[in-house]
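Notes for the one structure printed next.
The sequence lines fix the lettering, A, B, ..., with proteins before strands; numbering per chain opens at 1.
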Amino acid sequence: MRVRFAPSPTGHLHIGGARTALFNYLLARKHKGTFILRIEDTDEDRSTAESTKSIFESMLWLGLNWDEGAMPDGMEKGSCGPYVQSVREAQGIYRKYADQLLREGKAFLCYCSPEELDESRKKALVEKRDPLYDGRCRSLTEDQRKAFEAQGRKPVARFLMSKEGSVGWTDLVHKEMKFENKVLSDFVMLKASGYPTYNFACVVDDHLMEITHVVRGDDHISNTPLQLHLYAALGWKAPELGHLSMILGPDGTRLSKRHGAASVGEYRRQGYLPETMKNYLALLGWSNPESQQLFKKGELEEKFDLKGCQKSPAIFDPVKLDWMNGEYIRLLPKEDFLALALPFVKESGLDISAGRVPLIDIVALEQEKCKLLAELPAKVEFFFKDPVYSPEAVAKTLKNPEVPQVIKGIKEVYSALPEFKEAPIEAATRAFAKSGGLKAGQVFHPVRVALSGRSDGPTLFRMIEYLGKEESLKRLDKALTLI
RNA sequence: GCCCCCAUCGUCUAGCGGUUAGGACGCUGCCCUUUCAAGGCAGAGAUCAGGGGUUCGAAUCCCCUUGGGGGCGCCA
């Protein structure tokens, strides 16, 4: 089995593209096949090297390693290259096959200008007719052609579409599919610039690269009949074809920037783990009979199956994504969590040099509550700088009548503690509550707010230990002034 | 205007002629607990888009309607 992911480098790797790449990758791994990455940069205006770089980065981040294709270092891997279409174009690969079809009368040159075409398309739409190419250049005489050439017109090569019959295929996801040829157009294979169009380049390359299974988005369904005609005209066997359902935004329309983050890079920057993205994306449009949600490393590669692919579109659910990220964060060894969190801490500008306890210990305190790496700095910042007292927390717990006495009392207790460690702090705090006839919570809550400014946070006595005696006493004093 | 695809809890989905329509996220309640999470337990939530068939029997098969999505580029 040879599968490929063939992005066009006109932007970052989007969620939909990533899902397509993932499914192809999983398919290859599952069947011990080959996963190929081909760059489809035939859009001369919009393709950029930065996009290619960005796509590579996202692929690698997600762990979607490819076996053949264009590589980030500019080199290539595999024997079916080049894997970049602009490079292939320069080698005349597409021209060769276009010429063949032209020679065989299966294609023809069309001299219509984009403007003329555009106009007749608009007119057709206004008159509520099909905006298909009308075939006006199908049978130009030699004189007409010469006249066009004399005008300096550059022709495009169009495929001569049959108006009778139909094309069909058994889709890997949708089963039987069929299109009447009469709704198909004499599509362009080679642009006036000599560059191939998507439909043409795709077929030529998939064949030459010996792709056995093409798995792509639903939005390509209507391209498929055109490509099937190309395979037939070229005398090639078409690969197996599968079309994945689209990923939609919460409003039911195609997922895009309008819905917030739409590219893999943006999710990365927000602090989602690659494992999360991979797992979550796998569940959009695919499931196994057990409805399994979480997959261990390597498990998707084992269990993925085209049979589990959904025909209907899926709405991207950021809430479930967050849940899943929390699951993966909790799974992390604390060293790994620290390593992952560090860039976010640095990014936040938090000065951690002031800490008297290693960052790893502080960060470990919050790991189990963390859903997004980006939210970690805000959770731990009170360890490194004066707490920001939340008005709600102050109003809720610091305004109780017994609080001043509690804070003053606990301050004395803490300053008298010989060993400022979690266990003794807890013991002393509980003893203090008991002696004052207070419930534990009546002491714990105000102390927490006084020290951290918040009513939620890490396990209390460990937190106090990490804050240290001096700082804790200082904050207790500060809190007194707020009451 | 034409073509194509799709349709099970709010969301992701299981189901593939006979099920109390299952799971997950989210939601509610309880338990645990110093808080917040996490975890455990319980629960609400789907007349399987609607209407016709086929069948002893339909979420499952067929048709129509409706709704949603995609396409009809010298974009991919």
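Here A:Ser287 lies in heavy-atom contact (under 4.0 Å) with sugar-phosphate atoms only. A:Asp45 comes within contact range of no nucleotide atom at all, as no heavy-atom separation falls under 4.0 Å. Across all strands, A:Arg430 comes closer than 4.0 Å only to sugar-phosphate atoms, never to a base (heavy-atom distances). The residue A:Ser222 sits close only to the backbone: its heavy atoms come under 4.0 Å of sugar-phosphate atoms, none of a base. A:Met177 comes within 4.0 angstrom of the backbone, heavy atoms only, and of no base. Residue contacts shown for A:Thr397 are absent, as no nucleic acid heavy atom lies under 4.0 Å away. Within 4.0 Å of A:Pro313, counting heavy atoms only, lie sugar-phosphate atoms of the nucleic acid but no base atom. Base contact: A:Glu368 has a heavy atom under 4.0 Å from a base atom. At the heavy-atom level, A:Asp130 lies under 4.0 Å from base atoms of the strands shown. Counting any heavy atom pair closer than 4.0 Å across all strands shown, A:Leu460 reaches a base atom. Residue contacts for A:Gly326: at a heavy-atom cut-off of 4.0 Å it reaches no nucleic acid atom on any strand shown. Contact annotation for A:Ser113: base contact, defined as any heavy-atom pair under 4.0 Å involving a base atom. The residue A:Pro289 sits close only to the backbone: its heavy atoms come under 4.0 Å of sugar-phosphate atoms, none of a base. Heavy atoms of A:Phe179 sit under 4.0 angstrom from primed sugar atoms or phosphate atoms, though from no base atom.
The base of B:A37 is not paired with the side chain of A:Asp456 by any donor and acceptor separated by under 3.5 Å.
Within the 3.5 Å criterion, the main-chain N or O of A:Asn199 finds no donor-acceptor partner in the side chain of A:Asn223. The backbone N or O of A:His220 sits less than 3.5 Å from a side-chain atom of A:Thr224, completing a donor-acceptor pair.
Between A:Arg153 and A:Glu116 there is a salt bridge, since a side-chain N of the basic residue sits under 4.0 Å from a carboxylate O of the acidic one. For A:Arg254 and A:Asp219, the salt-bridge test passes: some basic side-chain N is under 4.0 Å from an acidic carboxylate O.
Take the nearest nucleotide of RNA chain B for A:Leu321 and for A:Glu422: the residue whose nucleotide is more 5' is A:Leu321. Sequence order on RNA chain B of the closest nucleotides to A:Ala314 and A:Ser455 puts A:Ala314 first from the 5' end.
Rounded to the nearest Å, the gap between the P atom of B:C31 and that of B:G50 is 40 Å. For B:G45 and B:C25, the C1' atoms lie 13 Å apart once the distance is rounded to whole Å. Taking atom C1' in both B:G15 and B:C61, one finds a spacing of 15 Å when rounded to whole Å. Comparing the same atom, C1', in B:A58 and in B:G52 gives a spacing of 14 Å after rounding to whole Å. Spacing of C1' atoms, B:C2 relative to B:U8, comes out at 31 Å, to the nearest Å. Taking atom P in both B:C6 and B:A21, the straight-line distance is 27 Å, to the nearest Å. Spacing of C1' atoms, B:U13 relative to B:C48, comes out at 13 Å, to the nearest Å. For the C1' atom pair drawn from B:G73 and B:G10, the interatomic distance equals 38 Å after rounding to whole Å.
A 4.5 Å side-chain heavy-atom check between A:Leu476 and A:Leu451 finds at least one atom pair inside the cut-off. Here the side chains of A:Phe420 and A:Ile425 are in contact, with some heavy-atom distance below 4.5 Å. With a 4.5 Å cut-off on side-chain heavy atoms, A:Asp205 and A:Arg38 count as touching.
Here A:Gln85 does not reach the OP1 or OP2 of B:A76: none of its side-chain N or O atoms lies under 4.0 Å away. Between B:C6 and A:His174, a contact under 4.0 Å exists linking OP1 or OP2 to a side-chain N or O. Between A:Arg158 and B:C74 there is a side-chain N or O to OP1 or OP2 distance below 4.0 Å. The side chain of A:Thr42 contributes an N or O atom lying less than 4.0 Å from OP1 or OP2 of B:A76. Note on A:Arg454: every side-chain N or O is 4.0 Å or more away from OP1 and OP2 of B:U35. At B:U13, none of the side-chain N or O atoms of A:Lys311 fall inside 4.0 Å of OP1 or OP2 (strictly under the cut-off). Taking side-chain N and O atoms only, A:Lys320 has no distance below 4.0 Å to OP1 or OP2 of B:G26. Not one side-chain nitrogen or oxygen of A:Lys396 sits closer than 4.0 Å to the OP1 or OP2 atom of B:U35. Note on A:Arg216: every side-chain N or O is 4.0 Å or more away from OP1 and OP2 of B:G70.
Under the 3.5 Å distance criterion, with hydrogens and angles disregarded, no donor-acceptor pair is assigned to the side chains of A:Thr42 and A:Arg88. In this structure, a donor-acceptor pair under 3.5 Å is absent between the side chains of A:Tyr195 and A:Ser86.
Base pairing of B:A7 is made with B:U66, judged by Watson-Crick or G-U wobble geometry with both donor-acceptor distances under 3.5 Å. Across all strands shown, B:G18 forms a Watson-Crick or G-U wobble pair, both distances under 3.5 Å, with B:C56. The base-pairing partner of B:C41, taking Watson-Crick or G-U wobble contacts with both distances under 3.5 Å, is B:G29.
Across every non-hydrogen atom of A:Ile36 and A:Met209, the tightest pair is CD1-O, 4.4 Å.
In this structure, A:Arg158 satisfies the cation-pi test against A:Tyr133, with its NZ or CZ atom closer than 6.0 Å to the six-membered ring centre and inside 45 degrees of the ring normal.
Atom NZ of A:Lys371 is separated from atom P of B:A38 by 5 Å (rounded to the nearest Å). For the pair A:Ile247 CD1 and B:G69 P, the interatomic distance rounds to 16 Å; values are reported in whole Å. One atom, CZ of A:Arg330, and another, P of B:C36, lie 16 Å apart when rounded to the nearest Å. With rounding to whole Å, A:Leu226 atom CG is found 13 Å from B:A76 atom P. Rounded to an integer number of Å, the gap from A:Gln293 CD to B:G22 C1' is 12 Å. In this structure, A:Asp219 places its CG atom 15 Å from P of B:C6, rounding to the nearest Å.
Annotation: proximity of residues 193-206 of chain A to RNA chain B (heavy atom, distance under 4.0 Å) is found for A:Thr197, A:Tyr198, numbered in ascending order.
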